[in-house]
Amino acid sequence: MLHRPVPRAGDVVRFDRGEGEGRVQRSPEAGGEVRHLVEGTRAPLPDPFLDLPRPVRRRSARLEERRQPGPSAVSRLREQFRSCAFRHPPLLDPPLLAGVAENRLSSAAFRTSRDRFRTDSLTPRALLTKLSLPTERREPASLETALRDAGCGQVEASWSGREVRVIGWVHRRRDLGGLFFVDLRDRSGLLQLSFGPEWSDAAVLELVAELNPEDVVQAAGIVAPRPEPNPDMITGEIEVRVSSLRRVSVSDPLPILVYQPPDEELPSEELRLRHRILDLRRPEMQRNLRLRHVATNAVRASLTEQGFVEIETPLLTRQTPEGARDYLVPSRVHQGQFFALPQSPQLYKQLLMCGGFDRYFQIAKCLRDEDLRADRQPEFTQIDVEMAFVEQDDVFRAAEKMFARIWRDGLGRDLPVPFRRLPHAEAMARYGTDKPDLRIPWEIRDFTDALTGIGFGIFDGAAQGGGRVRGLVVPGGAALSRSRIAHYDKLAQEAGARGALWLKRTADGWSGPPAKVVGEEVADVLEAEFGVGEGDLVFFVAGLDAESSPALDRLRRAAARELGAVDEDGEAWLWITEFPLYHRDPDTGLPVPAQHAFTMPADPDPERLREDPLSVNAVAYDIVYNGIEFASGSIRCHLPEVQRVILEATGLAPEEVEARFGFLLEAFRYGVPPHGGFAVGMDRVVAEMAGCPSIRDVIAFPKTAAARGLLERSPSSVTPAELDELGISVTGEAGNGT
RNA sequence: GGGGCUGUAGCUCAGUCUGGUUAGAGUGCCGGUCUGUCACACCGGAGGUCGCGGGUUCAAAUCCCGUCAGCCCCGCCA
């Protein structure tokens, strides 16, 4: 049921309100995103693309709709969305689709700047997910208190004729002169209160006429069926005819609205954070945080079932082996000394294994003083899991069970477990990254044999320099224009390669920089061995793998998105295994631990570790979901002599080793169980489940990109007396906050 | 530390490229009309240090420099 033809550039489209028309443009610009624009008298977003539900203003149409009780707005949206996005994936531009729907739902939007759609993690599927969350359902817990008989969203049609008391915020008020309607809101939903002279006395009518949005009011009245039910509301069949009304709390005029007009963008992120309590009242934020709660609960339930024990570890600790900058806390008692806030409970969880707690977990706050991103906050949450007397497979099973439970409870879906496994080296070779998005079917291929020695200098030079010619066959890529290809070339350069070369095969033959050296023989190989058909494009990146892999990864993801080759309907879970134990620090040339210094080598031979540490793999693994790293872990090294060699290989002096990790090494002297575990980036997982582009939308009180709390105005300066007590003097600007 | 985008009414935005009447729209707010609305509708009104500072110019929301804030990216960070 596709409702309208897919608009093409130049089409004239009418806006929903019929107030004008515009012309569709398709402009490749703004960071390479393909976007559609509609030029016209109204509507920054191209509304007419989808027949998304919205109330029709003309009354007759509205009544017509009501008389035939159909599916709710949400389920209609879901249906239309599915048919548009999934039956015609090559025709519709997913970012656009996501943009329209997201805007229409007025949910946590990807508003970064108007020139850019943030759609990396915002897929139609994710939106569908969002629409079918359990939190959309009627709240099952009784919300009865001394002040109310039920939550607003809990009042049922079968209660008609009964008197109920409810309390909540005034969401919207409609004043028809003699009649008033108030949508009352609490966490359980909206409930329509109606006021009229037949059932409300004069004092009540006088009060309701004065109510402001977000006042808190308590109302009592009779539940009654509505003359015209509203199928878009959970409580749409009924209303409460209010006979008594009490204003419990008065709201000032609002700096940002809780009610979100459907045509309007969300207030700026800055205002949303400054007035976070109002932002949190919006149903989308309520839903996100409640989904987070469901996920957290699922974690506790699954791990508890599997015999794990939740144990807390200290927040005031010492600096840990992770590489990030620490948040420091001055000690008043020991002036000049500092606690560090934990970057993760890594060392403690290993100590707990030594302490005899076989299976431990914790939903732990972790803190890192580094620069931020959309998916990074200075404080974030990890699900930290460790188990003893295990090998890798045992850890995998525990993690898979846990994620299956999260998806089951949070999204109502079953996961395909066990997850697929892919060794790190293979991932790098086939996808150019250690977190491949397997929803994209394309793989990187090695063209070195086929394309060297045929007279193309760049390819020959790469091979002679110890590199390879690798490439990506892009089915249907011949449709890409020269300017688009130039854009991909730039992407490859940004990713560290010298650039991307290309070869197109069209009905007219081959084109592209190496085309003149593609003879019949080479053409045959490209077709037979690499499957390059008419209408396809091949990108080549020549050089060392270390340079070409990131570039090919970038090309693969960007081109797949532009050409609609990402299976938006699918979910791709996998384990990446057999990470290298070390990689080489480009500055010092020294080996640095790829994960952390306590990972078990796949080959725990001290000789090899000394001779050729970079060749040793680790028993370390990641969980990758749709190209996003969800979790990371390893089997730890419980062999003290091997551990010492591992640390020495990094160039640490024995005294340093002793100072930083002495307490762990000491624990290892009294009988260490073989152990291992993993840690999950909880914020990212929940953001993915909720379909949010930023983890800020699944955190109640997040910090800005400059690590500031706009609500509580943190950080702040402190008095000289306090500093003095801590033995601290501040150099530079003391700051002007309070 | 570096790059990019943004900053105009309480909010969302147009106007900036190409300097030139009194800076506009929607929404919210205030007043009025309205007995079945649910984005209620209709009529009227108030509301602006164009982020801030400096410069260019007869003239700056518009051009230039600096600065602050928010967002995105690189560096950094598992």
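Naming convention: chains lettered A, B, ... in sequence-line order (proteins, then strands); numbering from 1 in each chain. Just so you know, these numbers use all the heavy atoms, side chains as well, and skip hydrogens, waters and symmetry mates. Quick caveat, the model's predicted, so the values are computed rather than measured.
No hydrogens or angles were tested; on distance alone, a donor-acceptor pair under 3.5 Å links the side chain of Arg226(A) to the base of C38(B). Taking only distance into account, the side chain of Asp175(A) never meets the base of C40(B) through a donor-acceptor pair shorter than 3.5 Å.
No donor-acceptor pair closer than 3.5 Å links the side chain of Asp622(A) to the backbone N or O of Val624(A). Proximity of a side-chain donor or acceptor of Arg173(A) to a complementary backbone N or O of Ala209(A) within less than 3.5 Å is detected. Side-chain N or O atoms of Arg368(A) include none that pairs as donor or acceptor with a backbone N or O of Ala324(A) at under 3.5 Å. Between the side chain of Ser160(A) and the backbone N or O of Ala157(A) there is at least one donor-acceptor pair closer than 3.5 Å. Between the side chain of Asp683(A) and the main chain of Thr381(A), a donor-acceptor pair closer than 3.5 Å is present. A distance-only check finds no donor-acceptor pair linking the side chain of Ser634(A) to the backbone of Arg636(A) [under 3.5 Å].
G28(B) is unpaired under the Watson-Crick or G-U wobble criterion, no partner having all donor-acceptor distances under 3.5 Å. Of all nucleotides present, none satisfies the Watson-Crick or G-U wobble test against G47(B) with each distance under 3.5 Å. Under the Watson-Crick or G-U wobble criterion, with both distances below 3.5 Å, C34(B) has no partner in any strand shown. Nucleotide U21(B): unpaired (no Watson-Crick or G-U wobble partner with both distances less than 3.5 Å). When both pairing distances are held under 3.5 Å, C5(B) makes a Watson-Crick or G-U pair with G70(B).
Straight-line distance from the CG atom of Leu367(A) to the C1' atom of C77(B): 14 Å, rounded to whole Å. One interatomic measurement links the two molecules: CD of Glu214(A) to P of C29(B), which rounds to 11 Å at whole-angstrom precision. For Asp326(A) and C77(B), the CG to P distance is 12 Å, given to the nearest whole Å. The nearest whole Å value for the distance from the CG atom in Asn230(A) to the C1' atom in A39(B) is 11 Å. To the nearest angstrom, C1' of C71(B) lies 13 Å from CZ of Arg708(A). Between Leu176(A) atom CG and A39(B) atom P the separation is 13 Å, expressed in whole Å. Between the CG atom of Leu710(A) and the C1' atom of G70(B) there is a distance of 8 Å, rounded to whole Å. We find that CD1 of Ile238(A) is positioned 14 Å from C1' of C38(B), with the value rounded to whole Å.
Checked by atom type, the side-chain pair Arg172(A)/Gln192(A) shows no donor-acceptor distance below 3.5 Å. If you check the side chains of Gln362(A) and Thr313(A), you find a donor sitting under 3.5 Å from an acceptor.
The phosphate of A41(B) has neither OP1 nor OP2 within less than 4.0 Å of any side-chain N or O from Arg174(A).
A gap of 23 Å separates the C1' atoms of U12(B) and C17(B), to the nearest Å. The gap from the C1' atom of C5(B) to that of G51(B) amounts to 16 Å, rounded to the nearest Å. Between G7(B) and U16(B), the distance separating the two P atoms is 12 Å to the nearest Å. On the C1' atoms, U67(B) is 16 Å away from U6(B), given to the nearest whole Å. Comparing G19(B) with C63(B), their P atoms sit 9 Å apart, to the nearest whole Å. G31(B) and U22(B) have their P atoms separated by 33 Å, with the value rounded to a whole Å. With both ends at atom C1', the span from C43(B) to C38(B) equals 22 Å, rounded to whole Å. With C1' as the reference atom, G32(B) and U18(B) are 45 Å apart, rounded to whole Å.
The side-chain heavy atoms of Arg276(A) and Arg281(A), taken from C-beta on, include no pair separated by under 4.5 Å. Looking at heavy atoms from C-beta onward, Thr599(A) lies in side-chain contact with Leu581(A) at the 4.5 angstrom threshold.
Taking the side chain of Pro227(A) as heavy atoms from C-beta on, and the options C34(B), G36(B), C72(B), the nearest nucleotide is G36(B). With C77(B), C40(B), G70(B) as the choices, the nucleotide that has an atom nearest any side-chain atom of Thr704(A) turns out to be G70(B). When each of C77(B), G70(B), C38(B) is scored by its nearest atom to the side-chain atoms of Glu269(A), the top-ranked nucleotide is G70(B). Minimum atom distance to the side chain of Leu179(A) is reached by U35(B), of the listed C71(B), C77(B), U35(B). Residue Ala374(A) has its side chain nearest to C72(B) when only C72(B), G36(B), C38(B) are considered. Nearest nucleotide to the side chain of Ser694(A), out of C72(B), C76(B), C71(B): C72(B). Side-chain proximity of Glu270(A) to C77(B), C73(B), A69(B): nearest is A69(B). Among the nucleotides C38(B), C71(B), U35(B), the one closest to any side-chain atom of Leu273(A) is C71(B).
Mapping Asp183(A) and Asp622(A) onto RNA chain B by nearest heavy atom places Asp183(A) closer to the 5' end of the strand. When the nearest nucleotides of RNA chain B are assigned to Phe181(A) and Asn212(A) by heavy-atom distance, the more 5′-ward of the two goes with Asn212(A).
At a threshold of 4.0 Å, the pair Glu379(A)-Lys365(A) counts as salt-bridged, since one of the basic side-chain nitrogens sits closer than that to a carboxylate oxygen. Under the 4.0 Å criterion applied to side-chain N and carboxylate O atoms, Lys349(A) and Asp384(A) are assigned as salt-bridge partners. Between Arg272(A) and Asp697(A) there is a salt bridge, with a side-chain nitrogen of the basic residue lying less than 4.0 Å from a carboxylate oxygen of the acidic one.
Heavy atoms of Ala679(A) sit nowhere under 4.0 angstrom from any nucleic acid atom. Using a 4.0 Å heavy-atom cutoff across all strands shown, Arg376(A) reaches at least one base atom of the nucleic acid. When heavy atoms are screened at a 4.0 angstrom cut-off, Tyr259(A) is found touching the sugar-phosphate backbone but no base atom. Nucleic acid contact for Arg241(A): base, since at least one base atom lies under 4.0 Å from a heavy atom of the residue.
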Is there any protein nitrogen or oxygen under 3.5 Å from a nitrogen or oxygen in nucleotides 1-3 of chain B, and what are the pairs?
none

Distances under 3.5 Å between nitrogen or oxygen atoms of protein and nucleotides 8-11 of chain B:
from   : atom 1 : to        : atom 2 : distance (Å)
G10(B) : O2'    : Pro255(A) : O      : 2.9

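Crowding of Glu712(A) atom CD: a count of heavy atoms from other residues, nucleotides or ligands under 6.0 Å exceeding 12.
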Q | Working for salt bridge (Lys or Arg N to Asp or Glu O under 4.0 Å), residues Glu239(A) and Arg241(A) | A | CA-CA 6 Å; Glu239(A) 65 185 9; Arg241(A) 302 201 166 166; 3.1 Å; yes
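Contacts between residues 190-199 of chain A and RNA chain B, defined by a heavy-atom separation below 4.0 Å, involve Gln192(A), Pro197(A), Trp199(A), listed by number.
For Phe396(A) and Phe419(A), the gap between ring centers reaches or exceeds 6.0 Å.
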